[in-house]
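Okay, so here's the structure we're looking at.
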Amino acid sequence: MTMRQQIKLVSLLSYPAILAQFSSVIMQYIDTAMVGHLGAAAGASIGLVSTCLWLFGGFGMALCSGFSVQVAQYIGARMNSSARNVLRQGIFSCLIFSGALAIIGVLVSGHLPYWLGGTEEIAANASKYFLINALFFPMMQLDWMSATMLQCSGNMKIPSILSILMCVLDVIFNYIFIYLLGMGVPGAALGTGLAEAVTALLMFYFLAVRSPELKLTSEKGSFIPEKEILTKATNISAPMFLENIVMRGAHIASTIIVAPLGTIAIAANAFAITAESLCYMPGYGIGDAATTLVGQSIGANRKKLANRFAWITTGGGMVVMTALSVLMFIFAPQMMGFLTPDPEVIALGAKVLRIEAFAETMYAASIVANGACIGAGDTLIPSIMNFASMWIVRIIPAAILAPKIGLVGFWIAMCVELNFRGIIFLLRLKGKRWMEKGIVARGSEEASSVLSEGRVD
């Protein structure tokens with residue numbers, strides 16, 4: 001493939017993934033805006049437990065990666081039957097795991113807001129919001145697994161279309177439950193959960209019945225995990241589990257740091273994170289493309305091509321997020337104003353968003369480079385890098401600055417840390433040792449159809 005063909009293929013894979021991530025951001029905006037107009041306390045109740053929801057979701061995504069990386073590399077090696085075998089066992093494992101997470105979530109939901117330092121004003125709604133989300137974890141897991149597997153096969157279109165559908169359903173359900181039925185914050189969780197459930201079932205249909213590479217109706221196979229596949233999945237997922245604990249644990253620590261600053265600060269922090277997602281979520285879309293292209297290249301035993309894809313996608317992510325950061329800096333007040341009518345929350349949120357705009361370029365480097373490493377099965381070292389960056393460079397300075405200069409101090413620490421993280425991930429890519437972790441036992445000298453034909457569904 002020429003460089004022009006490689007860039008074209010990256011673009012073809014990236015734009016639907018970006019669209020899917022963008023639709024996810026829009027859904028967050030919709031949820032936050034609908035709840036935000038109920039008042040600062042309503043927004044704070046969601047913001048208080050959102051980091052714990054990220055923790056649970058991170059475990060689910062880590063487990064998905066343990067199986068999806070194998071699928072991407074098997075497809076790259078033209079071993080589609082092996083890929084389908086991994087898929088079956090991945091579905092079974094993920095649903096059992098997510099069911100266990102749901103039970104844990106239900107059990108802790110009543111105590112969680114108080115553990116995080118929440119006040120009586122917001123604790124009740126925060127508890128209900130977390131409980132309802134926990135009940136939908138298995139459906140969310142099925143959605144993530146199905147979408148990730150489709151993307152690894154080169155099919156970005158279906159996940160993108162269904163993500164947009166989920167946004168539409170989310171608006172409809174939220175309007176019904178939040179306003180028509182007057183359920184408020186719990187209604188937002190219920191509306192989102194139902195939208196996710198409908199999307200998950202449709203996503204699984206297109207994966208298991210319609211996917212040319214991965215449909216499960218073409219042959220019989222066992223869903224019970226085999227030792228070899230489970231061992232490979234564990235080797236990939238275990239560092240990501242650890243990373244999720246330390247990273248999401250750091251986010252929870254961040255919530256504990258912000259909580260004493262008051263309801264306005266909690267709400268401004270939560271709304272600003274949602275507003276910022278418009279800037280960084282496209283990076284995750286390009287990161288998905290990086291995982292697919294690198295994974296299939298490694299599976300096809302084409303490491304030079306994998307390296308080029310890693311740099312093309314990382315550079316593309318940096319360009320896209322830099323452009324969006326400029327817009328975020330300019331329109332920060334308007335972005336916050338869309339989410340909440342409270343002038344104090346808008347003013348504080350806009351201030352911290354403008355600080356964060358200076359971190360987005362390097363944040364993109366860390367997101368996409370990490371996606372490339374995941375595609376190669378390299379998860380241990382990146383997890384250690386994320387841990388050190390988050391806890392040493394962000395949390396410790398934030399704990400010192402926040403009590404002195406408030407939420408602004410917390411976001412200054414975040415900005416510095418994201419720039420540091422981007423630099424160390426670029427150095428990781430440059431070293432090339434991340435490509436030595438391919439987990440497919442044997443690769444084909446002939447690339448998969450996505451690589452050889454540049455075909456993207």
Side-chain angles (χ1 to χ4, degrees), residues 56-104 137-138 140-153 204 207-208 211 213-246 291-292 294-301 303 306 373-384 433-444 448:
F56 277 51
F59 284 133
M61 292 301 295
L63 189 61
C64 283
S65 295
F67 294 97
S68 64
V69 169
Q70 295 183 66
V71 168
Q73 294 191 12
Y74 277 129
I75 290 176
R78 297 230 178 194
M79 299 166 65
N80 289 355
S81 180
S82 296
R84 289 190 290 270
N85 192 38
V86 172
L87 171 61
R88 290 187 193 92
Q89 298 175 41
I91 291 170
F92 179 84
S93 300
C94 285
L95 289 179
I96 293 296
F97 179 76
S98 61
L101 279 183
I103 293 172
I104 294 171
F137 279 150
M140 293 179 184
Q141 183 78 69
L142 181 63
D143 183 26
W144 296 335
M145 170 63 78
S146 301
T148 302
M149 291 297 184
L150 285 169
Q151 290 169 350
C152 285
S153 71
F204 182 72
L207 171 68
S211 172
E213 296 86 3
L214 296 173
K215 62 182 178 181
L216 301 180
T217 55
S218 58
E219 62 187 18
K220 294 182 179 180
S222 174
F223 284 80
I224 305 302
E226 300 171 4
K227 182 178 179 181
E228 181 183 358
I229 291 175
L230 200 57
T231 299
K232 290 177 180 178
T234 301
N235 290 337
I236 296 169
S237 296
M240 299 178 72
F241 268 82
L242 178 60
E243 177 187 350
N244 184 56
I245 291 172
V246 298
T291 299
T292 299
V294 170
Q296 291 198 13
S297 297
I298 293 291
N301 198 26
K303 291 183 179 179
C373 291
I374 291 172
D378 176 40
T379 55
L380 177 58
I381 299 301
S383 295
I384 295 172
R433 295 184 64 182
W434 58 274
M435 290 188 291
E436 305 302 321
K437 302 292 182 179
I439 49 83
V440 171
R442 57 186 175 85
S444 168
S448 74

Quiz: residues 89-100 side-chain donor-acceptor pairs under 3.5 angstrom, not counting sequence neighbours:
residue : atom : partner : partner atom : Å
Gln89   : OE1  : Glu226  : N            : 2.6
Gln89   : NE2  : Asn85   : OD1          : 3.2
Gln89   : NE2  : Glu226  : OE2          : 3.4
Ser93   : OG   : Gln89   : O            : 2.8
Ser98   : OG   : Cys94   : O            : 3.0
Ser98   : OG   : Leu95   : O            : 3.1

- prompt: Say you draw a straight line from CD of Glu213 to CE of Met79; how long is it, rounded to the nearest 0.5 Å?
  reply: 15.5 Å
task: Return the set of residues passing side-chain hydrogen bond (donor to acceptor under 3.5 Å, both in side chains) with Thr148 (not counting sequence neighbours), or none when no residue passes.
output: none
- prompt: Are any side-chain N or O atoms of Thr292 and backbone N or O atoms of Gln151, one a donor and one an acceptor, separated by less than 3.5 Å?
  reply: yes
Shortest non-hydrogen contact from Ala306 toward Val294: O-CG2, 3.7 Å
- prompt: When you look at Leu207 and Leu87, which way does the side chain to side chain contact (heavy atoms under 4.5 Å, CB included) test go after all the steps?
  reply: CA-CA 10 Å; Leu207 171 68; Leu87 171 61; 3.8 Å; yes
- request: For the residue pair Phe67 and Leu230, establish whether any side-chain heavy-atom pair is separated by less than 4.5 Å.
  value: yes
query: Do the side chain of Ser237 and the main chain of Ala62 share a donor and acceptor less than 3.5 angstrom apart?
result: yes
task: Kindly determine whether Leu214 and Ser153 satisfy side chain to side chain contact (heavy atoms under 4.5 Å, CB included), including the steps that lead there.
output: CA-CA 8 Å; Leu214 296 173; Ser153 71; 4.0 Å; yes
field: Test item: Ile229 and Pro225 side chains (from C-beta on) under 4.5 Å apart, heavy atoms
entry: no
task: For residues Trp434 and Ala376, report the shortest heavy-atom separation together with the two atoms involved.
output: O-CB, 3.4 Å
task: Answer yes or no: is there a donor N or O on one side and an acceptor on the other, between the side chain of Gln296 and the main chain of Cys152, under 3.5 Å?
output: yes
message: Minimum heavy-atom separation for Glu219 and Arg84, please, with both atom names.
response: OE2-NE, 2.9 Å
- request: With the side chain counted from C-beta on, respond yes when Met149 and Cys64 share a heavy-atom pair under 4.5 Å apart, and no when they do not.
  value: no
task: Over all heavy atoms of both residues, which pair between Leu150 and Ser211 is shortest? Give the atoms and the distance, please.
output: CD2-CB, 4.2 Å
message: For a 4.5 angstrom cut-off between non-hydrogen side-chain atoms, does Ile236 reach Gln70?
response: yes
